[in-house]
Structure formats: structure tokens, C-alpha cells
Amino acid sequence: MAEESRDVLEAVRAEKLKKIAESGIDPWGHRFDGHQAVAATRAIELPKPAEGQTPEPGPTVRIAGRIMLKRGQGKVVFLDVRDWTGRIQVFIGKKQVGDEAWALVELLDLGDLLGVDGTLGYTRTGELTVFATALTFLGKSLTPPPEKWHGLTDQEIRYRRRYVDLFSNPESLRTFLGRSTIVRTFREVMHRRGFVEVETPTMQAIAGGAAAKPFVTHHNALDVELFLRIAPELYLKRLLVGGMERVFEIGRVYRNEGISPKHNPEFTMMEAYQAYGDYHSMMDLTESLICAAIEAIGGGFIRAWGEKTIDFTPPWPRRRYLDLLRQYAGIDPEDFDAVKARARDVGVETEGRDRDVIISDLFEATVEDALIGPAFVIDYPAAICPLTKRKASDPRIAERFELFVDGIELANAYTELNDPRLQEELFRSQLAGQKEEDSMAKMDEDFVQALKNAMPPAGGLGIGIDRLCMLLLNKPSIRDVVLFPLMRPQAPRAAEGEEAEEG
RNA sequence: GACCGGGUAGCUCAGUCGGUAGAGCAACGGACUUUUAAUCCGUUGGUCCUGGGUUCGAGUCCCAGCCCGGUCACCA
């Protein structure tokens, strides 16, 4: 039998569950009031007994958590119990808890959930310990947990069974609590600055606001094709027209592209729009947000990033796009022949392509990886920015910035284009030059119509939350900061006599 | 999509030249009232990812496929 080994292990636990139930205890537990977090319990100030002295009876405590280790010693057992704040040792003596509770102790397995009442104190080896006086069974683990020392290391199982990863690898839990802190901090900063949080459609008839292939779905009653949004941008700007002067949205966007350590098909963006601001307002906001997040999760502004160290100490440099290109590509961007020659050197296709698109690829190939510390790249070639206001002094330059850290694009922001006629023209010209799905500018008649009502001049910002979490929590893959990353569904187990169907 | 690496007990991993499938942890039985990955004695546990092929004999070699990871490409 394929699953014999697992079946035996689970049968043993099922038998224990039965015995627990027969003893009159609900093996699935119930409400358990008044317990305190393990971290709070550990924080209780308790003088260590002096050498050879009988310790004073400590305070009464009540905790709850999962049994991670069990060290039996005859008529005494030591447990390591863990909740989401930490671990603590529990001492259970047969004489101390009585025969009835002891019968339960003999049925406890690693992975079970247990509530413990007891007194806090130190063992003779000096370990802070809950000396149990009563036990409350809170849940039977019917399947064995991973190995107690190594935890779960198989990447695939860590992603597919995140619940096991979370309780068996403390670092994983710490990471996701850190992500939550980062997102909460973003909301706090935004609210403090007078932004309101809104929700806009994730199913859209026109997937605009970014350049990406969308997921397609269908609404039955309306019998229409809809797309999962690739960005909330065009809806949020409609709200600016409506007079919501400072809006933001933290939400999932979906892009039907490849999967990589930096790409998950669904990911979280925060977009924000501020009426009467510009891209410089957005740079200030970006720096404030990320610095506040760093302070919230701790660890300081100088942070480990893999083998590297990144200094987030503000203010971050603001470098012009074309200046960086001159410096790192070593060419004059005005000299198109030189641009093409250099582009070919680094493997960028030049034949029949727009000048600014070639420059954009050249920039990616030569500059982006060279920017290690956080750096705002500002003032992009206008042709690659169809939603961005042009500089009054030079219409070939768009008022856009991107924030880079170690070659990773963390944020993208503009002074928003609010001229409806120019917007319509840019939509049309972009559409003419490119395949629609490759274009950032999909014609959206209603959006142009919105702009005709006068959208206030504004700054707009998008920040990739997942990538920020990777950088701040020092995780090399986006899958380490997404709770349930997209995986290929597992083939269904072959039914008896049938072979698994192939697609 | 291309290339590289991986898939062996519930978990973490060995497996030599092709010759009976291994360890630790977990589990089970026993000893133990202050352990620290407790210890000690004993026992159980396998679709070696799948399917072909070579061979007297394949976890091992060959071919094809599946899944995962990494790098690159596309993208944020």
C-alpha cells in the first residue's frame, strides 16, 4: 500500500483521539478564555532562585499552544509549547496533576493543541517553565508534524501546505507577521496624511493602467468578457475627477505572465493619488512610507539583503534617467547611432523599434542592476509613459519616477496626465505602434470622458508590496512573502483501476 | 519557453563499481520525577516521482514524461 506508513502513523493517533473522547474529553476542544500569549508570559518578571534555595511559588499563568517537543522522563514529562508569540517549557508531574490528567498526558502527541494552567517558575537548570496544575485538551493532530529539529525544508511542501510551514518554521511565521506590520504601517501613514482607502473593480471590461497580459473571465448574466485588473490606476483617477482628493487602494492585481522569484501572477499593489500634487510629492510620500515600515518592523535602516547590505537611510538619491544612461551605458542619449551601437553590444534588438523603446531596454540592461541602494530614477523618455504629464520645459520628458533597490523596481509614480485630448492621442498612437496587450495604453473612452470633466493636477504612485516585503524581510523569493503562492495544481490521485487523465 | 540541479520511510537525509533498501527523528514496547533535539534497550515502517529500455540483475545506466527549485528570457 502506498500510504501504509502514513496510515499506520495516523491510525495510532486516531486511536489516541478515540481514547481521549472515551475519557469524556472533547478531542477538538472548545473556547478557552483567559490565556495569555507565551511572549507575555515570558515577560513576567520573576527573580531566579539563588543557588540551593527553594524557589518561591510563582504567579499563576494560563497558556495555550501547540506541542512542539515532548521529553518524557518516567512520571514526569516536559513539553515545549508554542503559540504565535514564542515557545515555553511546560513541566507536568504525575503526582502534581493527578492520575486523570496523567492519563491524558500519555495520549499527547507532537502537534496537539493544549491549554495549560500552572505556576511560572524555573527548573533547576534555570529554564523558565510553566509547572502544570491542570491541562485542557484543545485539538488532536491526526497527522504527524515534520521532523522536530529541521522543520519542513521541502520548498514545494512549504508552499503547498503553508499551514505546516507556519507552525513548524518560526522564521516563516515571523516573515508573514512582518508583512502584516508593513501593510498596517502603510495604512496608518496614508490615513495620517489624509488619504481615504477605496475599493475599485477587480473585474474590468478594459484592463488598463499597465502593460501586461490580463486573465480573462466571463460574466454569465451579462454575457460579457471581463478581465481581472492589471492595475487600479484608471479607476482611482476617475475618483480624483469626482473630487476625492486623496485616495489609495491596497489590493491584488493579476497579470498573466511568467512566474519567477520576483513574479507571482497575483500580487499586491498600493496605489495612491493626490490632487494638486506631482511626482515630487509622491517621492516624499514613498520615502515616508517605506521608512515608517522599516521603523515598524525594526532592524534599522542598514539592512541585510542576501549577501549584500542596503542602506535605506533617507534621503534617497534622485537621479535623472538620461544622466544615469550617460554614466552607466557610457553614451550620449541624443546620439541615436551611439545608442543603437551600445544597445546591440548588450543584446538589445534595435531593428525597426522606436528610439525610446530601445533606450528603455538599454537602460534596463545597463543601469538597473547597478543601482544597489534605494534610488529614485526620475524624468523618463515620454514615449514610454502614455499616462504621464510631460515636462512643461521639454515635452520629450515625462514627469515619472521609479524607485529601484538592487535592480528591483519597487515603485512607479507620475505627475498624472490630465489633458484629455493628449491622453486620447497617446492612447491611439500607442495602440497603432504595438500589439494591444503589449501596450500600456489601451483605449478607454470612458476614462478620456472622465478627464474631460477636469481632473485636478495630481501625483500618483504605485508600490509593489510583495517586493517591498522581500527586501525589508530579506527573502530571496516573492513566494516567501506570499502566503499561498500560485502552484501548478497537483494531479488528482488515480482512482482505482483508472489512470490519471492527461490534459 | 531554454539550460542546470533535485524527487529514496510521516519528516531530515545517506546510498560506493549495477548485486538483499540505510541512518537520525517521529511512531510502537520497555526503564526513568528536573529534561533541553533528554537518554538507554528493543521493534515497526518503502510505488526509491511515473512509464519504457539495456542487463542474469536497475534506487544506481539510457530514453521519454511529471513535479519542484535555481538561472536566463518576458514582465512589476
Side-chain angles (χ1 to χ4, degrees), chain A residues 1-13 15-16 55 68-80 87 89-97 102 109-111 121-129 131 141-161 164 168 209-213 230-231 253-269 347 361 364-365 368 402-404 407-412 437-438 440 462-468 470 476-479 485 487-491 494 499-500 502-503:
Chain A
M1 287 291 132
E3 296 285 306
E4 186 176 347
S5 178
R6 162 167 263 145
D7 284 351
V8 167
L9 292 171
E10 294 194 349
V12 168
R13 284 166 178 257
E15 185 60 30
K16 290 178 182 172
M68 303 307 292
L69 291 174
K70 188 181 180 190
R71 294 181 288 279
Q73 177 110 24
K75 296 182 175 60
V76 160
V77 68
F78 291 88
L79 304 178
D80 273 20
R87 66 155 285 277
Q89 178 168 269
V90 172
F91 172 97
I92 307 170
K94 185 179 184 188
K95 195 184 283 181
Q96 287 86 342
V97 296
W102 190 253
D109 283 311
L110 300 188
Y122 291 98
T123 61
R124 67 185 180 198
T125 56
E127 168 125 14
L128 187 69
T129 298
F131 291 86
S141 174
L142 283 174
T143 194
E147 209 247 6
K148 63 189 182 185
W149 184 243
H150 298 93
L152 185 63
T153 65
D154 185 299
Q155 284 295 335
E156 181 175 358
I157 302 178
R158 289 184 62 200
Y159 297 145
R160 290 192 191 274
R161 302 191 193 161
V164 178
S168 58
K213 294 182 184 67
I230 57 174
V253 298
Y254 305 86
R255 297 187 184 178
N256 204 342
E257 312 268 357
I259 295 174
S260 85
K262 286 183 202 163
H263 301 87
N264 196 57
E266 55 177 316
F267 62 101
T268 302
M269 287 231 307
D361 284 354
E364 284 175 23
E368 288 187 4
E402 292 190 310
L403 173 64
F404 285 94
I408 295 176
E409 186 195 329
L410 266 190
N412 182 20
E437 73 251 30
D438 293 341
M440 203 148 155
I463 298 183
I465 299 291
D466 312 85
R467 289 180 171 183
L468 177 66
M470 287 171 61
S477 170
I478 195 169
R479 296 179 147 200
M487 304 285 283
R488 183 179 296 278
Q490 285 178 303
E499 54 206 70
E502 200 60 42

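Numbered from 1 within each chain, the chains take letters A, B, ... in sequence-line order. All of these numbers come straight from a predicted model, not from anything done at the bench.
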For nucleotides 4-6 of chain B, give me every protein contact, N/O to N/O, under 3.5 Å, one pair per line with atom names.
none

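Across all strands shown, B/G19 forms a Watson-Crick or G-U wobble pair, both distances under 3.5 Å, with B/C56. Under the Watson-Crick or G-U wobble criterion, with both distances below 3.5 Å, B/G42 is paired with B/C28. Remark: B/U71 base-pairs with B/A2. Criterion, Watson-Crick or G-U wobble with two distances under 3.5 Å.
No aromatic stack links A/Phe78 and the base of B/A38, using centre distance under 5.5 Å and interplanar angle under 30°.
When side chains are defined from C-beta on, A/Thr143 counts as touching A/Arg6, because their heavy atoms get closer than 4.5 Å. Under the 4.5 Å side-chain criterion, counting only non-hydrogen atoms from C-beta, A/Thr129 is not in contact with A/Tyr122.
A donor N or O paired with an acceptor N or O is not found under 3.5 Å between the base of B/U34 and the side-chain atoms of A/Arg124. Residue A/Gln73 places no side-chain atom within donor-acceptor reach of the base of B/U39, judged by atom type and a 3.5 Å distance cut-off alone. Side-chain atoms of A/Thr153 and base atoms of B/U12 include no donor and acceptor less than 3.5 Å apart.
Residue A/Asp80 holds its CG atom at 4.5 Å from CG of A/Leu69, rounded to the nearest 0.5 Å. Residue A/Leu79 holds its CG atom at 12.0 Å from CE of A/Met68, rounded to the nearest 0.5 Å.
Spacing between B/G24 and B/C63 at atom C1', rounded to whole Å, works out to 36 Å.
The phosphate of B/G10 (OP1 or OP2) has no side-chain N or O of A/Lys148 nearer than 4.0 angstrom.
Under the ring-ring contact (aromatic ring centres under 6.0 Å, His included) criterion, A/Phe131 pairs with A/Phe91, sequence neighbours left out. Remark: A/Glu156 pairs with A/Asp154, A/Arg160, A/Met487, A/Gln490 by the side chain to side chain contact (heavy atoms under 4.5 Å, CB included) rule, at least two apart or across chains.
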